[in-house]
Colleague: 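Here it is, the structure in full.
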Amino acid sequence: MFSQFALHERLLKAVAELNFVEPTPVQTMALPPALEGRDLRVTAQTGSGKTAAFVLPMLNRLMGASKPRMSIRAVILLPTRELAQQTLKQVELYSQFTFIKAGLITGGEDFKVQAAMLRRVDILIGTPGRLIEHANAGNLQLDEVEVLVLDEADRMLDMGFAEDVQRLGKLCTAPARQTLLFSATSGGSGLRDIVASVLKDPLHLQVNSVSQLNVGTRQQIITADHNSHKEQLVHWLLTNETYQKAIIFTNTRVQADRLYGRLVAQDFKAFVLHGEKDQKDRKLAIDRLKQGGVKILVATDVAARGLDVEGLDMVINFDMPRTGDDYVHRIGRTGRAGGEGLAISLICHGDWNLMSSVERYLKQHFERRTIKELKGTYQGPKKLKASGKAVGVKKKSDGKSDKKSTVKKSATKRKTVNRPKSDAPALVSRDGLAPLKRRTPTAPAAE
Ligand code: AMP
């Protein structure tokens with residue numbers, strides 16, 4: 001029950017209007033200390049209900065003050081435009097019975113119109129790059145900011161916004177400022193630096209450990225011989241699986257465009273989203289997907305970050321993501337707010353070791369699945385190390401040819417097993433859980 005929280009009655013009314021009955025775990029954990037004014041560092045996945053966990057206490061604080069609305073009093077920083085737009089929509093829903101006004105500042109929109117808007121809003125929602133441009137132009141006054149939120153902070157750093165975030169934090173000079181930082185993973189040293197310099201004595205809340213992520217999502221792998229075999233598998237899955245909406249991830253723009261072309265040629269209604277698409281195309285793709293006119297999206301990681309599309313219940317990893325964190329972000333699209341989902345990774349010879357690192361990172365063993373009519377020759381490495389990785393497999397693979405796995409007969413004395421051990425010792429990662437390789441040297445260029 002939301003009435004357990006010390007929230008203003010107009011906010012409780014908005015929550016009731018949205019038919020939220022029970023708070024989600026992140027809301028239960030974060031709302032009380034946030035309402036007391038504490039700085040928080042929260043590790044919670046996308047789809048957990050974390051937006052309400054920072055927006056409700058922010059609105060509550062802004063409503064309590066008797067200041068006239070002449071300045072920006074809260075800022076929410078996010079990594080992408082889409083995420084900023086989605087957050088604005090949520091803020092508008094939660095603030096619908098208040099007089100609080102929120103505005104959006106992202107790239108790709110008119111700079112002068114934005115400059116004028118900056119003088120009329122209480123809550124500013126934006127991406128760091130464009131906000132810095134406004135700061136440089138002298139348009140941004142942040143000295144009265146009472147609440148600063150850094151959402152998807154790990155991704156903002158991944159996208160190179162560390163310096164901008166630090167600088168914007170410094171511009172928020174009000175001594176009683178509260179800072180709330182949210183990230184899907186616990187991040188690396190970059191995130192620790194931000195926490196140390198921008199937050200004050202934060203309470204660290206870990207809502208889900210990575211291994212507990214997506215309990216409502218079945219995670220499967222299907223082995224494939226090469227990329228055209230993967231394309232056949234995608235076609236089969238999109239035709240035979242039951243899903244409302246599906247997203248297919250590739251590691252490169254080129255692969256995304258190629259797969260999209262194939263799907264359209266096969267009469268699937270699909271959209272493609274990657275970093276080269278302009279703002280209009282991106283908005284159209286997301287709107288169509290939300291409205292249900294299109295059920296399939298082909299996307300790269302950066303482009304799909306933070307998408308909150310209802311009914312997105314199937315994720316296909318055409319390419320295995322390069323890091324465990326990227327995997328977590330990708331499958332975070334399914335099974336949102338308690339729903340069920342299916343995540344399927346297509347694994348060629350060159351994807352195997354990445355997949356096995358991700359299994360170790362998550363401390364999970366993905367279900368092995370075979371599609372009878374599309375069974376290929378590659379069924380995974382013949383011999384596995386205790387880590388679950390292939391024995392003696394050369395690192396390089398172009399994903400096109402499935403050379404027989406290069407198993408060395410006696411070159412290694414290491415113990416081999418038939419199955420990867422799900423309880424194998426953890427490796428070190430950004431999460432401090434596993435030394436997961438951030439990138440394979442052979443991986444194609446990032447988006
Ligand atoms: P978020 O993690 O903030 O992106 O939220 C994911 C989705 O969960 C959004 O569509 C929210 O509207 C929804 N949501 C948030 N809190 C609740 C709740 N307590 N009950 C039901 N749905 C919720």
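Positions are given from 1 along the sequence. Note that the structure is predicted; figures quoted are calculated from it, not measured.
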Colleague: Are any side-chain N or O atoms of K245 and backbone N or O atoms of L289, one a donor and one an acceptor, separated by less than 3.5 Å?
Modeller: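 Yes, because the side chain of K245 sits within donor-acceptor range (under 3.5 Å) of the backbone of L289.
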Colleague: Return the set of residues passing side chain to side chain donor-acceptor pair (under 3.5 Å) with N317 (not counting sequence neighbours), or none when no residue passes.
Modeller: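 With sequence neighbours excluded, N317 shows a side chain to side chain donor-acceptor pair (under 3.5 Å) to R330, S345, given in chain and number order.
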Colleague: Evaluate side chain to side chain contact (heavy atoms under 4.5 Å, CB included) for F182 paired with T51, printing each intermediate quantity in order.
Modeller: CA-CA 9 Å; F182 286 74; T51 314; over 6 Å; no
Colleague: Can you name the residues that form a side chain to side chain donor-acceptor pair (under 3.5 Å) with H134, not counting sequence neighbours?
Modeller: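 With neighbours one apart ignored, the set is Q114, N139.
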Colleague: Closest heavy-atom contact between C348 and K230?
Modeller: SG-CE, 3.6 Å
Colleague: Nearest 0.5 angstrom please: R360 CZ to L362 CG, how far?
Modeller: 12.0 Å
Colleague: Determine the minimum heavy-atom distance between L180 and A34, stating which atoms define it.
Modeller: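 Minimum heavy-atom separation between L180 and A34: CD2-CB, 4.4 Å.
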Colleague: Would you check if Q178 and D39 make a side-chain contact, meaning some heavy-atom pair closer than 4.5 Å?
Modeller: yes
Colleague: Show the nearest heavy-atom pair for residues D164 and P128, with the distance to one decimal.
Modeller: CB-CB, 3.8 Å
Colleague: Any chance you could measure L150, atom CG, to L168, atom CG, to the nearest 0.5 Å?
Modeller: 9.0 Å
Colleague: Using the side chain to side chain contact (heavy atoms under 4.5 Å, CB included) rule, take L297 and L312 through it: C-alpha gap first, then chi angles, then the decisive distance, then the call.
Modeller: CA-CA 10 Å; L297 184 68; L312 196 56; over 6 Å; no
Colleague: Salt bridge (charged side-chain N to carboxylate O under 4.0 Å, His left out) for R258 and E231? Distances and angles first, verdict last.
Modeller: CA-CA 10 Å; R258 188 187 136 104; E231 284 168 11; 3.0 Å; yes
Colleague: Check whether D225 reaches the backbone of T377 with its side chain - one donor and one acceptor, N or O, closer than 3.5 Å.
Modeller: yes
Colleague: Under a 4.5 Å cut-off applied to non-hydrogen side-chain atoms, are L11 and F5 in contact?
Modeller: no
Colleague: Measure across M1 and P23 and return the closest heavy-atom pair with its distance rounded to 0.1 Å.
Modeller: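 Smallest heavy-atom distance, with atoms named: N-CD, 3.5 Å.
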Colleague: Can you find a side-chain donor-acceptor pair between T252 and H274 that sits under 3.5 Å?
Modeller: no
Colleague: Which residue is it: T300, D319, N227? I am looking for the one with a side-chain hydrogen bond (donor to acceptor under 3.5 Å, both in side chains) to Q255.
Modeller: N227
Colleague: Could you measure the distance from the CG atom of L31 to the CZ atom of F2? Nearest 0.5 Å is fine.
Modeller: 7.0 Å
Colleague: Looking at R288, I want to see if its CZ is surrounded by more than 12 non-hydrogen atoms of other residues, nucleotides or ligands under 6.0 Å.
Modeller: no
Colleague: Examine distances only and state if a side-chain atom of R368 and a backbone atom of F366 form a donor-acceptor pair shorter than 3.5 Å.
Modeller: yes
Colleague: Mind listing the closest non-hydrogen atom pair of V207 and P25 along with its distance?
Modeller: CG1-CB, 4.1 Å
Colleague: Looking at side-chain heavy atoms only, is the closest gap between T323 and Y361 below 4.5 Å?
Modeller: no
Colleague: How many angstroms lie between CG in L346 and CE in M355, if you round to the nearest 0.5 Å?
Modeller: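 Nearest 0.5 Å value for the CG-CE distance: 11.5 Å.
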Colleague: So I123 and L59, side chain to side chain contact (heavy atoms under 4.5 Å, CB included) or not? Walk me through it.
Modeller: CA-CA 9 Å; I123 302 177; L59 293 171; 3.7 Å; yes
Colleague: Supply the atom-to-atom distance T242 OG1 to D313 CG, rounded to the nearest 0.5 angstrom.
Modeller: 9.0 Å
Colleague: S356 side chain to W352 main-chain N or O, any donor-acceptor pair under 3.5 Å?
Modeller: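 Checked: no pair found.
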Colleague: Taking only residues two or more places apart in sequence or in another chain, which ones pass side chain to side chain donor-acceptor pair (under 3.5 Å) with D287?
Modeller: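 With sequence neighbours excluded, D287 shows a side chain to side chain donor-acceptor pair (under 3.5 Å) to K283, given in chain and number order.
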Colleague: May I ask you to test the L124-L131 pair for a side-chain heavy-atom distance under 4.5 Å?
Modeller: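 Touching, per the 4.5 Å side-chain cut-off.
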Colleague: Can you tell me how far OG1 of T250 sits from CG of L259, rounded to the nearest 0.5 angstrom?
Modeller: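 If we round to the nearest 0.5 Å, L259:CG and T250:OG1 are 7.5 Å apart.
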Colleague: ring-ring contact (aromatic ring centres under 6.0 Å, His included) for H226 and Y378? Distances and angles first, verdict last.
Modeller: CA-CA 9 Å; H226 38 61; Y378 180 65; over 10 Å; no
Colleague: Is the closest side-chain heavy-atom distance between L140 and I105 below 4.5 Å?
Modeller: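 Not touching, per the 4.5 Å side-chain cut-off.
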Colleague: Salt bridge between R130 and E133, side-chain N to carboxylate O under 4.0 Å?
Modeller: yes
Colleague: Between Q219 and Q364, is there a side-chain donor-acceptor contact under 3.5 Å, judged purely by atom types and distance?
Modeller: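 Yes, side-chain donor-acceptor contact under 3.5 Å.
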Colleague: Are side-chain heavy atoms of L18 and Y94 found at a separation under 4.5 Å?
Modeller: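 Yes. Closest side-chain heavy atoms under 4.5 Å.
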Colleague: Tell me, with the steps shown, if R369 and E241 meet salt bridge (charged side-chain N to carboxylate O under 4.0 Å, His left out).
Modeller: CA-CA 13 Å; R369 175 172 173 187; E241 277 296 340; 2.8 Å; yes
Colleague: Looking at D301, T80, D326, which hits side-chain hydrogen bond (donor to acceptor under 3.5 Å, both in side chains) with R155?
Modeller: D326
Colleague: Just by modelled atom types, is the T106 backbone N or O under 3.5 Å from a matching donor or acceptor in the E109 side chain?
Modeller: no
Colleague: I'd like to know whether Y243 forms a side chain to side chain contact (heavy atoms under 4.5 Å, CB included) with L238, so could you lay out the CA-CA distance, the side-chain angles of the two residues, the decisive distance to 0.1 Å, and finally the verdict.
Modeller: CA-CA 8 Å; Y243 60 94; L238 293 176; 3.7 Å; yes
Colleague: Taking the side chain as C-beta and beyond, is there a heavy-atom pair between K269 and I296 under 4.5 Å?
Modeller: no
Colleague: Restricting to non-hydrogen atoms, name the atom on A102 and the atom on V121 that form the minimum distance, rounded to 0.1 Å.
Modeller: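 Result for this residue pair: C-CG1, 3.9 Å.
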Colleague: Evaluate the side-chain proximity of L181 to P202: yes if any heavy-atom separation is below 4.5 Å, no if none is.
Modeller: no
Colleague: Counting only heavy atoms from other residues, nucleotides and ligands, does the tally under 6.0 Å from CD of E163 exceed 12?
Modeller: no
